[in-house]
Amino acid sequence: MALILNEEQQLLKETADGFFADKAPVSQLRKLRDDKDETGYSKDLWQEMAEMGFAGLLVDEDNGGTGFGYVGAGVVAEAMGRTLAASPYLASAIVGASVVEAAGSDAQKAELLPAIASGETVVTLAIDETAHHGPEKTALKAEKAGGGYKLSGLKTFVPEGHVADKVIVLARTSGKAGERDGLSLFLVDRKASGLIVDRTVMTDSRNWAKMTFEGVAVGADALMGTEGKGMDALEGALDRARIVVAAELLGISQQCLDMTVQYLQERKQFGVLIGSFQGLQHRAAELFSEIEVSRSAVLKALQVADAGGNVGWFASLAKAKASKTAELATNEAIQMHGGIGMTDEFDIGFYIKRARVLQNLYGGFNYHADRFAALSGY
Amino acid sequence: MALILNEEQQLLKETADGFFADKAPVSQLRKLRDDKDETGYSKDLWQEMAEMGFAGLLVDEDNGGTGFGYVGAGVVAEAMGRTLAASPYLASAIVGASVVEAAGSDAQKAELLPAIASGETVVTLAIDETAHHGPEKTALKAEKAGGGYKLSGLKTFVPEGHVADKVIVLARTSGKAGERDGLSLFLVDRKASGLIVDRTVMTDSRNWAKMTFEGVAVGADALMGTEGKGMDALEGALDRARIVVAAELLGISQQCLDMTVQYLQERKQFGVLIGSFQGLQHRAAELFSEIEVSRSAVLKALQVADAGGNVGWFASLAKAKASKTAELATNEAIQMHGGIGMTDEFDIGFYIKRARVLQNLYGGFNYHADRFAALSGY
Amino acid sequence: MSDLEQFRQETRAWLEDNCPASMRKPAQGEADICWGGRRFEFQSEDQKLWLERMASRGWTVPTWPKEYGGGGLSKDENKILGEEMRRIKARSPLTSFGIWMLGPALLKFGTHEQKLEHLPKIARGEIRWCQGYSEPNAGSDLASLMTKAEDKGDYYLINGQKIWTSYADKADWIFCLVRTDFSATKHTGISFILFDMESEGVSTKPIKLISGYSPFCETFFDDVKADKKNLVGEVNKGWTIAKYLLTHERTGIGDMGLPTPLSAIARDKLGLEDGELADTMLRHQIAEHEIDAASFMFTIERAKDQAKAGGDMGAFSSMLKYYGTELNKDRHELILKVNGSEALEWEGQFSNNGEIARSWLRTKANSIEGGTTEVQLNIIAKRILELPA
Amino acid sequence: MSDLEQFRQETRAWLEDNCPASMRKPAQGEADICWGGRRFEFQSEDQKLWLERMASRGWTVPTWPKEYGGGGLSKDENKILGEEMRRIKARSPLTSFGIWMLGPALLKFGTHEQKLEHLPKIARGEIRWCQGYSEPNAGSDLASLMTKAEDKGDYYLINGQKIWTSYADKADWIFCLVRTDFSATKHTGISFILFDMESEGVSTKPIKLISGYSPFCETFFDDVKADKKNLVGEVNKGWTIAKYLLTHERTGIGDMGLPTPLSAIARDKLGLEDGELADTMLRHQIAEHEIDAASFMFTIERAKDQAKAGGDMGAFSSMLKYYGTELNKDRHELILKVNGSEALEWEGQFSNNGEIARSWLRTKANSIEGGTTEVQLNIIAKRILELPA
């Protein structure tokens, strides 16, 4: 397959770029923040996104989606990164849909996929329990109880966890923290009795939640996939989500470069355009190169994700590279904008804040560089 | 103590700078290389250095030295780095003298120190057995035999080992490779029966040797210090040698910067002096800063070395920082000189070659960064 | 007993008697710092008492002459005072731009009358100063500033706008660069003048930063009258004073003291395995950082010792400013990594309202304020390496 | 069966019959590469036979027109030929600057006569070409070259000096940039001309490099006569051809194929502990490098696919050249570290005469030759990012 967007994907990209520039410019996120909006995104926007088909890119046509696949999902995520459009797209349409698709029973799929695709139901995934990503570290316990299970423990930093209708919870049915075996996935209603949800406002003005499970009872049908083998189903879905996160990071990096180049073309100092200083030119050119190289890693990984099978190596490559590039891009953008970049009035601050959250989500550069090395056999 | 050179040290610096610029410019090393000189340094130069007192900086006055100490030794090493003066200074006057001082018996000191200071006897240290530094990895065996010891095994990359009169050998009297205990130091004559010495021409046109010990017999009086506790005596001396190596690296970096700045001030391209390009200006300024910061780490470590006691943390700091800076300085010098820097006719190539050898000697950046972290408690 | 030894004993005794117990632990944050000024609200009776007692001896500015409110101490005495204060962990009684910046400039360039008028008020913490340098179109390029001061006989009429004025909304007086000659080339024609921020026509507007804090203001001058006696140095020669001050500022910013070692923070957060940080990649990055940080710390020590020995700091301060601020930015990127997702909270008690993230964002200004990294590198290239323009 | 399928079968059969067994393994080093030319000494009968057989079908230059000695293959056929050759690991029968550089330029800018004269000799490996671009005072700045070509009626009289002429001492002919109009501004007034290196007045002097190798020469022209019929394109318009060729060259250098993964070298040398490289710091550095290297490999793939889809490579090739060469330099610094002191031997059998160190030093030229890294960054800044001059 050629490592470029095909016509259909190119069309989707143009549609998405236009849609978010029009419907969800950065000013929308700024307003949500200034209004201290407790949802953290515009429900109207989310509904419009669903109508555009963006919520069902990973859901097959039988279940009401478009089945556009991961390249498409990445293209839309990149467009969202460019305007910092806030929505439960990542949590629900990407992670939620991928995990349901990978681990759900036919009944669970039939229940959830159409609702995800229509935007009606927001699904999210609760994995991490500490400040550092690592699914295997899961300690939250699921004990057999009354024909079903009882969940006890803590999940933290669950994206959109404060508003999600359904939460897919990684829980330990056997073994101990650190082991890959013995983990299982459960579908839990956010309003379930015994589940305490604390909204957390993050640096990027989006919302995550801490979730305390105080013996939350679920039925046997809440189990997704095989008991104790949750990681087998989760890993492929999580890797695909990581690639889409990398795509959003790519959009952020590109936007930072574009804004910076424009500033360099317009701002004068010492009587000349600062874009004529070779020191800044070379840094901008280096940043351009890093972004293009990241773009290749992300696109390759998205294509491999669509092809099916194990994508761990590609996911860690894309997430590591896109994270590192986004760190460079946001830092360079701030520095090259000088004082104005430090002001809240100017938009660049929103980009650096969102970038660090996404860099960290589902494992940062170090996590994935380490995993890349391990998967490469060293 | 003020972190600057005192008057005496400043005077020594000026003397050394003048001496090496006059007596041992880079052209001397070039000629030794082109002549395929089998010593690898000028014996006349070494004799003159000894007359200047440079061979006895670490030897006390009673033994014929000046007792100038490590700051002085570093100042001279830096001057040597600037002109790439070839001599057994590092092997004999620094490492040799330090180890004899730290581990030698009174008799050994009385025999060796005056001879080192006068330049008459060249002493070197044989530690490493593989391509990667690590004294504890020593496997070369010293077995008790006939009232003395019998040494069997291989030492590699021994600086000036092809001409040294005496070799201080780190050998294992008990335990196994990897253990710190059980190592002992022995003084061996290079011409001892059973010792096979193979000269190796290194990238920097200097000579190291591989030494094969085929049951070399030495007397009990060849033991330096306490049997099995060789590392205790060696470590402090080795750390001090590392700092002096860092000082020579500093001289290389400084010389690379100076040559590069001069080139930037003179070379025209596109009709203007290339030194006016901001891209190159910023890189030169960054390099200047790294060199100044390295200079502080090296001087601090030299002062602490003179103050006595454990200098491990300072030695690893200085060696790590000076190595990293020398890598940057030599690479930037080559790149900023363009094509001319790649030619053998131009001197810069000699600097990059010597730099990598010294960076690697007694542990490179990674070895010392790791050790720095360990000694800092993490 | 030598004079210095006697001075040490007396100082120790006086501090013992006069430093309140609550002032004997390091400042925990912004709120613990005493900035002084007309509108300063003391955090506690002790804070006020400590300032008054120290000011009464001139020890808020120990080396300034006594006649201007200083302590008249020699360098050696000042060193002893510092040592004795550190011994009991005494806080600095007063921190201000008047002490760091205007004071040294007035001592060097001011008239006797100007010194008498302004220095004692700085020493006693009565007047809080701010610095009016940057303008919207003269950030790194100070020489192209446009704020106009017209000669009106016994006063100057000032019109224009400043930006990035630190704490202008809290300051009482401003020391300000203004253009007194528009026909002159850029660096000439600039003057250095002082005036009251309560003068008619002065207004300030805090700038909200990406960290959520507002330490800087936009400052507007609309027909402000500044008395001629408050022009420092010669008219049109203010650039000399500004340059002198920038060097002072640079040294200050580069020299940020010794924060908690990064590795200690990481050890707390991540724990050790076999004596090493559990995350080997982070361990490597922290070691690289700390090697640079320790080497830089010794560089500050060396620069100070060189200055003490009579060496000229010159453009070396640009190097310290550049290197120190870049290091600090790197440090905070690593602190983010050490703290993982916890560092990314923005509100809520658990994270002290996002303190880690806000501090991280604050550091991004380090390499912009007080002369950008790019300007420092230009200065090194031109003044130290003598590369062509 | 489709035409292409038939072509594949025929090609496979022909290769099977005609590719000597010794030519069915990858070249091990410089000596295994066939450069052709008047003075080329074949390493073996097989090497000669393989060149002759492939040349007889035009398959040394498969896509060139048959009338000029090429194979006349379509893109699809050429792809199949490549696949079939890789299938049996067949070596490239001929490598030359004539194939990579002069050929494409002549095909685009040459007259029918020029093509007929020069292309078949390139295809058959009879004439080896070198490139005369750089001059002592025109390295990155090609436009300021000084080699003079005076119009003498039916020939040009050439005087001047070139530098960095790859293998000039081994080449038969040179394609050369010369100044035909000294009154013109820099980029105009340059012409592109071909002449025989055996012409009277041509001399070459190999330049010894820091690696100890001498792949480049200084080349001197002292009243050399070059026939006018060998001027390519219009007089004074040679810059257009040079630019076209530089883009070709850049793509070639950036795309260095896939060397042995660094991690495989490290695994061999350092060994694994619990499945990880024993040296954790080196493991981290290698992972960082390989993440960049893999991403870059996909970038080349993407650039090729974009070009195939009709996209214009344009200045993107500058990015590939810059990134690829910097990566390769980094790779060799890491190879030094992996090999420790063994990498620092310079002579002796054990280290194959210092092969690791010499290769490392060789890479330092990557970011200088074919347009320096700085020039590539300038091009990206100006042509892609459209930053002001």
Side-chain angles (χ1 to χ4, degrees), chain A residues 33 36 128 130-134 156-157 198-208 210 267-272 274 277 279-280 283 327 330-331 334-353 356-361 363-367 369-370 373, chain C residues 134 136-141 143-144 163-164 186 207-214 216 218 269-270 278-282 284-285 326 329-330 333 336-348 350-351 353-354 356-358 360-362 364-365 367-369 372-375 377-378 381:
Chain A
R33 181 197 68 174
K36 298 189 180 296
D128 288 324
T130 71
H132 294 276
H133 180 64
T156 186
F157 305 109
D198 292 309
R199 184 173 75 104
T200 312
V201 178
M202 302 296 288
T203 291
D204 60 352
S205 305
R206 303 280 291 271
N207 296 281
W208 290 17
K210 280 174 203 165
R267 165 84 173 171
K268 277 195 174 184
Q269 214 161 56
F270 307 104
V272 294
I274 61 173
F277 295 138
L280 301 184
R283 280 158 57 187
E327 187 159 319
T330 50
N331 281 338
I334 290 252
Q335 178 68 21
M336 290 203 234
H337 274 86
I340 195 177
M342 289 300 299
T343 62
D344 186 70
E345 200 183 339
F346 196 73
D347 289 336
I348 207 91
F350 284 85
Y351 287 89
I352 195 171
K353 291 169 180 175
R356 292 300 178 280
V357 170
L358 292 177
Q359 284 171 238
N360 185 72
L361 183 62
F365 178 83
N366 284 355
Y367 180 91
D370 178 77
Chain C
S134 293
N137 287 303
S140 289
D141 174 23
S144 65
I163 199 169
W164 308 120
K186 301 171 91 189
I207 301 168
K208 189 174 167 197
L209 294 189
I210 57 177
S211 59
Y213 302 135
S214 302
F216 302 109
E218 289 179 281
K269 280 280 161 188
L270 303 172
D279 181 330
T280 58
M281 293 212 173
L282 209 38
H284 182 188
Q285 289 152 350
E326 294 297 331
K329 290 196 297 180
D330 184 52
E333 289 290 350
L336 278 201
K337 290 182 175 67
V338 164
N339 286 282
S341 41
E342 276 176 17
L344 298 167
E345 286 193 12
W346 192 250
E347 294 178 2
F350 178 69
S351 64
N353 272 322
I356 295 173
R358 291 169 196 263
W360 157 69
L361 285 164
R362 175 65 185 86
K364 297 302 174 197
S367 50
I368 297 168
E369 62 204 348
T372 64
T373 279
E374 290 76 15
V375 164
L377 292 174
N378 287 345

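All chains are named by letter (A, B, ...) in the order of the sequence lines, taking the proteins before the strands, and each is independently numbered beginning at 1. The structure presented is a predicted model; accordingly, all values stated were derived computationally and were not measured.
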Query - N-O pairing of Arg362(C) and Glu369(C) below 4.0 Å - result: yes
**Report entry** Part of Thr130(A) within contact of chain C (heavy atom distance under 4.5 Å)
**Finding:** backbone
Query raised in the report: Do you know which of Glu345(A), His133(A), Glu327(A), Gln359(A) has the most heavy-atom pairs with chain C at a distance under 4.5 angstrom?
Result: Glu327(A)
Query - Side chain, backbone, both or neither of Asp370(A) within contact of chain C (heavy atoms, under 4.5 Å) - result: both
Report task. Under 4.5 Å heavy-atom distance to chain A, tell me which part of Leu344(C) shows up: side chain, backbone, both or neither. Result -> both
Report task. May I ask you to name which of Gly364(A), Gly339(A), Gly338(A), Gly271(A) has the most heavy-atom pairs under 4.5 Å with chain C? Result -> Gly339(A)
Query raised in the report: Taking Met342(A), Met336(A), Lys353(A), Met202(A) one by one, which has the highest count of heavy-atom pairs under 4.5 Å against chain C?
Result: Met342(A)
Query raised in the report: Checking heavy atoms, do the side chain of Arg206(A), its backbone, both or neither come under 4.5 Å from chain C?
Result: neither
Report task. Would you give the length of the straight line joining atom OG of Ser205(A) to atom CZ of Arg33(A), rounded to the nearest 0.5 angstrom? Result -> 5.5 Å
Requested in this report: Answer yes or no: is there a donor N or O on one side and an acceptor on the other, between the side chain of Arg356(A) and the main chain of Lys337(C), under 3.5 Å?
Outcome: no
Report task. Side chain from CB out, backbone as N, CA, C, O: work out which of these in Leu280(A) comes under 4.5 Å of a heavy atom of chain C, or both, or neither. Result -> side chain
Query raised in the report: Which answer fits Leu209(C), side chain, backbone, both or neither, if we ask what part of it has an atom under 4.5 Å from a heavy atom of chain A?
Result: both
Query raised in the report: Can you name the residues that form a side-chain contact (heavy atoms from CB on, under 4.5 Å) with Lys269(C), not counting sequence neighbours?
Result: Val338(C), Asn339(C), Glu342(C)
Query raised in the report: Which of the residues Ser214(C), Ala343(C), Ser367(C), Gly348(C) is involved in the greatest number of heavy-atom pairs with chain A at under 4.5 angstrom?
Result: Ser367(C)
Report summary line: Bottom line for Thr373(C): the part with an atom under 4.5 Å from chain A's heavy atoms is both
Query raised in the report: Which region of Asp128(A), side chain (C-beta onward) or backbone (N, CA, C, O), has a non-hydrogen atom less than 4.5 Å from a non-hydrogen atom of chain C, or is it both or neither?
Result: neither
Requested in this report: May I ask you to decide whether Lys364(C) forms a salt bridge with Glu333(C), counting only side-chain N to carboxylate O separations under 4.0 Å?
Outcome: yes
Report summary line: In short, Trp208(A) meets Leu361(A) closest at the heavy-atom pair CH2-CD1, 3.8 Å
Query raised in the report: Side chain, backbone, both or neither: which part of Leu270(C) has a non-hydrogen atom closer than 4.5 Å to chain A?
Result: side chain
Requested in this report: Kindly write out the residues that satisfy ring-ring contact (aromatic ring centres under 6.0 Å, His included) with His337(A), not counting sequence neighbours, or none if the list is empty.
Outcome: Tyr263(A), Phe346(A)
Report task. Spell out, as yes or no, whether a donor-acceptor pair under 3.5 Å connects the side chain of Ser341(C) to the backbone of Ala131(A). Result -> yes
Query - Under 3.5 Å: donor-acceptor pair, side chain of Asp344(A), backbone of Ser211(C) - result: no
Report task. Please look at Thr200(A) and chain C and tell me whether the side chain, the backbone, both or neither of the residue comes under 4.5 angstrom of a heavy atom of that chain. Result -> side chain
